[in-house]
Structures are given as C-alpha cells and as structure tokens.
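Worksheet: the structure to be examined is printed underneath.
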Amino acid sequence: MSSFSRSAQQWATFARSWLLIDARMQPPGKIASVCSVRLQGKHKPIYHPLSDIGDHVVVMNTRHIAFSGNKWEQKVYSSHTGYPGSFKQLTAAQMHQKDPTAIIKLAVYGMLPKNLTRRTMMQRLQLFPDDLLPDDILRNLTEELPQPREIPRKLSEYTQEERDAFPMLWTPLSRNKVSHPEYFIGTAHLPPAHITSGLNRQKLWHRSTFSDPQ
Amino acid sequence: MRKRERARRRARPGREGVRKGGRERMKERHLLLCRWVKFHIAGSAIYPRFLIGQGAVNTHCGYYECHHSCITPSGFRQAGKCLKRLFLMNEIEGVIEPTSERPQPPNPTASCPIYRWNLQNKYNYTDVLLLSQFIRSDGGMLPQRITGLCAQEHTKIAICVQMAHRAGLLPDHKPPLPVGHVPKPKSNPPLNRYLTRYSVNSVKPIYKTGLKWCKKRMSVGHSALKNNVRYSPKPLYIKH
C-alpha cells in the first residue's frame with residue numbers, strides 16, 4: 001500500500017504468512033498443488049527461486065480427504081530402502097490407515113522443485129489429521145485458502161421446500177397399463193353409454209384418460 | 001404359477017420366524033395404497049381423485065395413518081387391488097379435483113422424461129434431486145417401462161445413481177437390514193470417494209503402472225457422461 005511507511009511496506013512485501021486450508025472431502029492432488037504454489041512463493045510478484053519467500057501452509061482434516069475414482073484401491077505407493085527384500089508396496093487405503101497425513105505429504109513433496117530448498121519448504125508445511133490445531137499455530141494463522149473442490153450436497157441436506165420446488169419429471173399412471181379401468185376411475189367424463197357403443201367407449205376412455213404424457 | 005408361489009410362501013415361515021396375520025397384511029397393503037394415492041393426487045385433473053388425506057381414514061380395515069414416502073417395490077399391484085376392492089364395496093368416494101399448478105415441461109411431445117425437460121447431457125452424479133425420482137426406497141432403479149426413460153438415458157441415470165451411492169449422497173436409500181440385526185462396529189471409518197466407476201471390492205491395485213507411453217491409467221467417472229455440457233475450456237479427463 002502506498003500509504004504505508006517505508007519499513008511497513010518492506011515488512012508487508014517480504015513477510016512470511018501462515019495460511020490454512022481445510023482438506024475435508026477434497027482431492028489430495030488439488031490440495032497439494034495449492035500448497036506447493038504457496039510454499040515456493042510463486043503467488044507473490046517478487047518471486048525468485050533463490051530468495052526463499054514461501055509461506056507456511058497448515059492443512060487440517062487430512063484424514064477426511066476424498067479420492068476420485070477407485071484410487072483408494074488402485075493407487076499404489078512403493079518404497080525401497082536399498083536393502084534386499086525391502087521393496088514395500090502399499091495401496092492408498094492402507095497408507096492412509098497407517099498414517100493419515102502421508103498421502104498429502106508425498107503429494108506435496110512430489111510437486112515441489114527437486115532441489116535443496118525442497119526440504120526447507122516441507123518443514124514449513126504442517127499437516128494435521130483432524131481439525132484440532134495446537135495453540136501456537138492457531139495464533140499465527142492469517143488467511144484461510146478456499147477449497148478447490150465444491151462439496152456436493154447429500155439428499156438429506158436439501159430442505160423440504162427445495163425438494164418440493166423441484167418439478168416431478170414423470171408420473172406413474174401415464175405408463176401403467178390398467179386391466180379394468182372402469183373400476184378405478186369411472187366413466188363420468190365420457191359421453192353417456194346410450195350414445196357410444198361398447199367398443200367406442202373403451203377407445204374414448206383410453207384416448208381421454210391417457211392423453212397426458214406426464 | 002402364482003398359486004404355487006403363494007402355497008410355497010404359506011408353507012415357508014417368514015424370515016423373522018413370525019408369520020404376519022391377515023390384519024397386519026391388510027394394514028401394510030393399506031399403507032402402500034395410501035402412499036400410491038398420495039402420489040397419484042399430484043397428477044392431472046382427467047382422473048377422479050380419491051381423497052384420502054394425510055390423517056386417519058375410516059375404512060373397514062380400521063383407522064390408519066398415511067405416511068408420505070417413496071414407492072415400495074411391490075406396492076403398485078397390491079395397492080391397485082386394494083383400491084379396486086374398496087371401490088367395489090363403496091368404501092371410497094370418487095371426487096374430481098381441479099388441477100394444481102405444476103411447472104410444464106418445455107418439450108411435452110417427447111417420450112422420455114429427460115428429453116421432455118431438455119435435461120439431456122446436463123445432469124451429473126451430484127444432481128440428487130433428479131436422481132432420487134428414479135430410484136426405489138432401498139436404492140435400486142425403477143424399471144424403464146414404469147418411468148418411461150429411453151434406454152440410453154436409463155443407463156446414464158443408473159450410472160449416476162451408482163456413483164451417487166458410492167459418494168454417500170443418498171444416505172436414506174439403503175436396503176433395509178433384517179429385523180433384529182445389530183451391525184458390527186467398524187474399525188476404520190469409510191473412506192470418502194467420488195466419481196467411482198467400479199465397485200469398491202472388485203478393483204485390484206495397480207502394482208506396475210508401466211512407462212509413460214503405456215501407462216495403466218486409473219479411470220474416473222464414466223464414458224457414458226462424456227458428452228455432458230462443459231462450461232470450462234478444459235476437457236473432461238476420464239483416465240487419470
């Protein structure tokens with residue numbers, strides 16, 4: 001801001017802020033890309049890869065992330081320590097059960113630049129499985145980032161007014177073939193019996209009763 | 001064929017071991033009837049309506065309450081038979097009601113309800129209000145000959161309903177558990193997912209994904225919905 005003094009302007013430009021993001025019902029890849037952008041400092045116009053101007057990012061509710069498709073069963077995380085017989089392969093579901101923050105941690109690690117600054121940026125990333133955050137981090141937080149994915153509403157979350165306002169696309173009777181229609185509906189809306197013969201009366205009944213396609 | 005089935009059902013005891021008496025069965029049938037009639041009341045004015053309100057109804061069966069709920073699977077035929085019997089015995093009065101104001105479809109001459117309302121290629125697994133109109137109370141799809149959907153839209157709706165179930169968007173449309181069954185406490189809470197094409201227990205992990213030019217991709221969503229309207233310039237990715 002031009003109304004700031006020189007020192008305040010300097011401070012506002014180069015400050016390292018603490019950002020919060022809620023990962024509930026979000027795909028971990030999208031959360032990780034948002035985190036990596038903020039950790040590198042690429043969202044700032046003064047960015048330079050050597051200048052270390054990334055922010056701190058705190059991710060909460062990592063236990064409640066949502067994978068699209070069948071990735072919980074299909075995605076496999078492999079690791080090898082180098083020793084023979086230590087090749088481990090875990091599905092995303094098994095990994096998540098072992099450590100609820102591991103999936104997002106690995107995703108962010110893979111999205112950061114592959115240089116020595118990566119480790120310092122990972123230290124600035126804080127992951128919490130639930131929404132319980134320690135006090136000192138809570139005091140530091142300045143901004144909450146918007147969630148990348150819009151969470152769809154369940155049927156139980158719609159109010160009765162919204163459900164009533166939604167039109168009915170089809171009604172049952174227009175498709176049902178009734179065997180003895182006279183017993184149910186009656187013939188009051190047709191011309192009297194002495195005018196129409198039996199066959200015509202049936203045809204008239206069918207045409208007049210089933211004319212409404214809805 | 002039906003007589004044999006009925007005899008077999010009478011010989012076999014019920015799942016709970018207790019056979020329902022005639023009065024209880026009649027009560028159930030009346031409940032089904034009332035649900036059907038409540039649905040039917042919202043139709044057009046051509047048919048006379050049988051005014052059975054939401055309160056108690058005085059029939060020879062006794063006083064019962066009407067519950068406004070989804071269509072039960074075997075409800076239609078039984079409801080129709082009960083209604084026919086009650087009408088013949090002069091227990092129900094036929095009253096012609098004026099039409100209630102309902103929104104009209106923009107394309108009334110089409111045979112499929114989706115085409116009537118111009119919703120082709122515009123719905124997704126998140127449109128639960130639309131999908132809930134084509135499902136039973138236990139989550140299964142209603143047959144095509146009842147709903148009037150064309151074959152392609154019926155499959156698309158079925159796919160969206162499946163995805164909505166797996167995403168947990170239809171929590172009240174679960175199949176009923178047997179009476180007296182206590183579900184085991186689950187050790188892990190269910191994982192959140194969306195756009196799941198395959199059943200959860202049927203999918204195998206991809207241990208060897210392969211090189212970039214021959215990678216085994218993980219499919220997301222369904223190819224039947226690839227023609228859906230998109231308002232962003234990015235294409236729809238089905239293989240992740």
Side-chain angles (χ1 to χ4, degrees), chain A residues 24-27 29 63-76 78 89-94 96-97 149-158 162-163 165-181 183-186 188-189 208-214, chain B residues 36 39-40 42-44 46-48 71 76 80 83-84 87-88 94 96 102-103 105 108-109 111 113-114 116-117 119 125-126 128-130 132-134 145-149 167-173 188 191-198 200 203-207 209 218-221 240:
Chain A
R24 185 178 281 275
M25 301 298 282
Q26 303 298 313
R63 187 171 276 138
H64 305 282
I65 50 171
F67 261 123
S68 56
N70 289 91
K71 289 183 196 164
W72 283 116
E73 291 79 37
Q74 284 182 313
K75 196 169 174 65
V76 164
S78 323
Q89 283 187 299
L90 290 173
T91 58
Q94 291 163 344
H96 195 67
Q97 209 212 326
R149 174 193 174 225
E150 200 189 303
I151 304 176
R153 287 164 75 184
K154 300 184 186 172
L155 189 58
S156 47
E157 285 166 18
Y158 281 96
E162 283 169 318
R163 277 189 240 202
F166 199 85
M168 277 189 357
L169 296 184
W170 65 285
T171 46
L173 221 71
S174 54
R175 293 284 300 181
N176 251 350
K177 284 188 191 148
V178 183
S179 53
H180 295 284
Y183 295 126
F184 292 88
I185 281 141
H189 58 288
S208 65
T209 339
F210 291 135
S211 58
D212 176 28
Q214 270 190 281
Chain B
W36 180 76
F39 202 103
H40 174 42
S44 84
I46 294 173
Y47 328 110
I71 313 158
F76 275 126
L83 189 62
K84 172 180 171 179
F87 187 79
L88 289 174
I96 297 177
R102 262 198 310 173
T109 50
S111 53
I114 302 277
R116 249 179 265 142
W117 290 86
L119 291 172
Y125 76 104
T126 49
V128 191
L129 289 169
L130 177 88
S132 61
Q133 294 190 15
F134 297 101
R145 57 190 169 83
I146 302 276
T147 58
L149 285 165
L169 299 177
L170 299 164
D172 305 323
H173 291 263
N188 316 321
L191 297 164
N192 298 328
R193 53 185 78 238
Y194 63 101
L195 288 171
T196 28
R197 187 194 294 196
Y198 302 118
V200 169
V203 181
K204 300 279 174 237
I206 302 174
Y207 287 116
T209 49
M218 300 176 278
S219 25
V220 169
H240 278 208

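Below, read A as the first sequence line, B as the second, and so on, with proteins coming before strands; counting in each chain starts at 1. Note that the coordinates shown come from a computational prediction; the quantities given were computed from them, not determined experimentally. Only this structure's heavy atoms are used, side chains among them; waters, hydrogens and symmetry mates stay out.
Looking at A/Trp170, its side chain never comes within 3.5 Å of a backbone N or O of B/Leu149 through a donor-acceptor pair. With hydrogens and angles ignored, the 3.5 Å screen pairs no side-chain donor or acceptor of A/Asn70 with any backbone N or O of B/Val203.
Annotation: maximal heavy-atom pairing with chain A below 4.5 Å, among B/Ile114, B/Leu129, B/Leu119, occurs at B/Leu129. The candidate from A/Gln97, A/Arg163, A/Arg63 with the greatest count of non-hydrogen atom pairs under 4.5 Å with chain B is A/Gln97.
The closest side-chain heavy-atom distance from A/Leu169 to B/Leu130 is below 4.5 Å. In this structure, the side chains of B/Val128 and A/Lys154 stay at 4.5 Å or more apart for every pair of heavy atoms. Using a 4.5 Å heavy-atom cutoff, the side chains of B/Tyr194 and A/Pro152 are not in contact. The closest side-chain heavy-atom distance from B/Thr126 to A/Glu150 is not below 4.5 Å.
For the residue pair B/Asn192 and A/His64, the shortest heavy atom distance occurs at ND2-O, 3.0 Å.
The residue from A/Lys75, A/Lys71, A/Gln74 that alone fulfils the side-chain hydrogen bond (donor to acceptor under 3.5 Å, both in side chains) condition with B/His240 is A/Lys71.
Atom-to-atom distance recorded for A/Tyr158:OH and B/Ser132:OG is 9.5 Å, nearest 0.5 angstrom. Distance check: A/Trp72 CH2 to B/Thr196 OG1 gives 12.5 Å after rounding to the nearest 0.5 Å. Separation of atoms OG (A/Ser156) and CG (B/Leu169) is listed at 9.0 Å; rounding is to 0.5 Å. Here the straight-line distance linking atom NE2 of A/His96 with atom CG of B/Asn188 works out to 10.0 Å at 0.5 Å rounding.
Only the side chain of A/Thr91 comes within contact range of chain B, judged by heavy atoms closer than 4.5 Å. Neither the backbone nor the side chain of A/Arg24 comes within contact range of chain B; no heavy atom of the residue lies under 4.5 Å from a heavy atom of that chain. With a 4.5 angstrom heavy-atom cutoff, A/Ala93 touches chain B via backbone and side-chain atoms both.
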With side chain to side chain contact (heavy atoms under 4.5 Å, CB included) as the test, would you mind laying out the steps for A/Glu73 and B/Val200 before giving the verdict? CA-CA 7 Å; A/Glu73 291 79 37; B/Val200 169; 3.4 Å; yes
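For A/Glu157, the salt bridge (charged side-chain N to carboxylate O under 4.0 Å, His left out) test picks out no residue, with sequence neighbours left out.
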